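Worksheet: one structure, shown below.
Bear in mind that the values here come from a model prediction, so they are computed numbers and not experimental data.
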Amino acid sequence: MRTPIIAANWKMNKGPSEAADFVNNYLKTPPDVNKCDVVIAAPFVSLAATAEAVSGSSLKLSAQNMYFEENGAFTGEVSPGMLLELNCEYVIIGHSERRAIFGEDDALLNKKVAKAHEVGLKPIFCIGETLEERDGGQLESVIKRQVEEGLKGIDPAKMPETVVAYEPVWAIGTGRTATPEQAQEAQAFVRSVLAGVFGEEISDQIRIQYGGSVKPGNAAELLGQPDIDGALVGGASLEPESFAGIVAAA
């Protein structure tokens with residue numbers, strides 16, 4: 001049985017005080033869940049405040065990105081060791097915005113995933129197709145390439161600690177959402193690709209999140225699909241009540 005994982009990706013929102021306020025308000029009336037991992041992915045500058053706020057709770061901390069070197073002349077980057085010092089357990093790697101806006105390719109992301117595992121961070125590895133790719137019948141080829149190249153050489157024994165987040169890019173921040181049936185079909189294909197790389201036994205242990213305009217109103221139906229093991233939540237994670245509704249659905 002795969003434990004559901006719900007992650008709040010705040011993106012470039014919430015400074016340190018806002019982050020602490022969110023966590024404190026969320027923890028006043030947290031959803032009554034026992035078998036669900038809940039993760040907060042705060043901006044770099046807010047990680048310390050978020051770490052302090054979640055201390056002693058069941059909430060887990062994630063960064064939104066990292067570099068694959070431990071130190072050096074890499075102005076503006078953040079190392080895995082820095083994240084560990086702040087008690088991060090997870091790190092998002094390869095979000096569609098990192099790929100599209102900042103030009104991160106499969107080879108770079110592969111280095112980041114490998115480094116995360118090397119130091120003991122759990123990667124939330126993002127994949128997904130654009131609207132043009134989907135309409136052009138490229139969904140399967142894009143997903144297959146991103147999985148095979150992004151996870152190339154990763155020790156299969158490490159893969160159950162990897163979360164794969166499938167994001168139909170055309171449904172992020174647009175208000176459009178894949179139907180539960182469309183989401184399940186894509187997630188099942190992702191799992192089949194993972195099985196082809198790592199074997200079915202490992203594939204069955206890997207948690208695959210869905211990310212794409214997940215809200216309290218559609219979360220239960222999406223999360224009820226057999227291959228959807230959680231959600232990577234953007235806009236709906238910015239308000240404690242909204243995020244709590246999604247966690248409750250899990």
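- Remark: Leu151 CG to Asn110 CG distance equals 7.5 Å, nearest 0.5 Å.
- Within 6.0 Å of CD in Glu70 there are more than 12 heavy atoms belonging to other residues, nucleotides or ligands.
- Salt bridge annotation for Arg99-Glu104: absent, with no cationic side-chain nitrogen under 4.0 angstrom from a carboxylate oxygen.
- If you check the side chains of Glu129 and Tyr166, you find a donor sitting under 3.5 Å from an acceptor.
- Using a cutoff of 4.0 Å between basic side-chain nitrogens and carboxylate oxygens, Glu148 and Lys144 are scored as salt-bridged.
- Contact check for Lys60 versus Ile40: no side-chain heavy atoms found under the 4.5 Å cut-off.
- With a 4.5 Å cut-off on side-chain heavy atoms, Asn71 and Ser79 do not count as touching.
- Panel note: side chain Ser237, backbone Val233; a donor-acceptor pair is recorded below 3.5 Å.
- Under a 3.5 Å cut-off, the side chain of Ser62 and the backbone N or O of Tyr90 do form a donor-acceptor pair.
- Between the side chains of Lys28 and Asn25, at least one donor N or O lies within less than 3.5 Å of an accepting N or O.
- Residue Glu18 holds its CD atom at 10.5 Å from OG1 of Thr50, rounded to the nearest 0.5 Å.
- Looking at residues two or more places apart in sequence or on another chain, you find no side chain to side chain donor-acceptor pair (under 3.5 Å) involving Lys158.
- With hydrogens and angles disregarded, no donor-acceptor distance shorter than 3.5 Å links the side chain of Thr3 to the backbone of Cys36.
- No donor-acceptor distance shorter than 3.5 angstrom exists from the side chain of Glu167 to the backbone of Gly212, with no hydrogens or angles considered.
- Asp37 and Arg2 are not joined by a salt bridge, as no carboxylate oxygen comes within less than 4.0 angstrom of a charged side-chain nitrogen.
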